[in-house]
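Reviewing the structure listed below.
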Amino acid sequence: MMGHYDDRDYAVGKGKPPAEHQFKKGKSGNPRGPRHKKKARDATLEVLAHEAVNEMISATIGGRELRLPKKQAIVLGVVNDALTGTPAQRLKALKALKDIGAFDRTVEDYRLTPEMEEERIIKFVNDLAEECKRDEEMRHHFAEYN
């Protein structure tokens, strides 16, 4: 009784697998290939800086834990340092904040006086009254057709 190993062209052994288990010519033994290291992104300094200052961090402000971007924490740090620093440091921080417009008037600074608010309320009520009159006239107009 002869086994199917006896009809081979070469000796099978260590480092010599049977022909059906050998790598086929032209085909890799590792089709997925070697593991490649991920390449670092080719980013500009501007992009890297933008990502860095917008990264969120945890900070304790007024005894409360808050999550805020690093750029906001930097500004808070500068302002707080200005409060505790020497007069020269305070002036330097004040000038820097003034230069970036930190003290420019905002929409919130243009708050209405009580007289202005009263005028706006009266105008709003009058506009509503006019709309109600128009609505009532339209109802009477369409009531004729019913």
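As the structure is a prediction and not an experimental result, all values here were calculated from the model.
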Would you indicate whether Glu65, at its atom CD, is surrounded by more than 12 heavy atoms from other residues, nucleotides or ligands within a distance under 6.0 Å?
yes
Quick check on Arg67: does its CZ atom have over 12 non-hydrogen neighbours (other residues, nucleotides or ligands) under 6.0 Å away?
yes
Linking I/L/V/M/F/W/Y whenever any side-chain heavy atoms sit under 4.5 Å apart, do Leu83 and Leu97 land together?
no
Just do the side chain to side chain contact (heavy atoms under 4.5 Å, CB included) check on Asp99 and Lys95 with the steps written out, would you?
CA-CA 6 Å; Asp99 289 347; Lys95 184 182 178 333; 2.9 Å; yes
Find the distance between CG (Asp81) and CZ (Arg90) and round it off to the nearest 0.5 Å.
11.5 Å
Between the CD atom in Glu119 and the CD atom in Glu117, the distance rounded to the nearest 0.5 Å is 11.0 Å
Output yes when Arg139 and Glu136 qualify as a salt bridge under the 4.0 Å nitrogen-oxygen rule, no when they do not.
yes
Same cluster or not: Leu76 versus Ile57, using hydrophobic residues (I, L, V, M, F, W, Y) connected whenever any side-chain heavy atoms lie under 4.5 Å apart?
no
Is any side-chain heavy atom of Glu118 closer than 4.5 Å to a side-chain heavy atom of Ile122?
yes
Within the structure provided, determine whether Val78 and Val75 are in side-chain contact (heavy-atom separation under 4.5 Å).
no
Got a donor-acceptor contact below 3.5 angstrom from the Glu55 side chain to the Lys70 backbone?
no
What is the distance from atom CD1 of Ile74 to atom CG of Leu68, rounded to the nearest 0.5 Å?
10.5 Å
Find the distance between OG1 (Thr86) and NZ (Lys92) and round it off to the nearest 0.5 Å.
9.0 Å
Hey, what do you get for CD (Gln72) to CD1 (Ile61), rounding to the nearest 0.5 Å?
6.5 Å
Rounded to the nearest 0.5 Å, what separates atom CG in Leu128 from atom NZ in Lys123?
10.5 Å
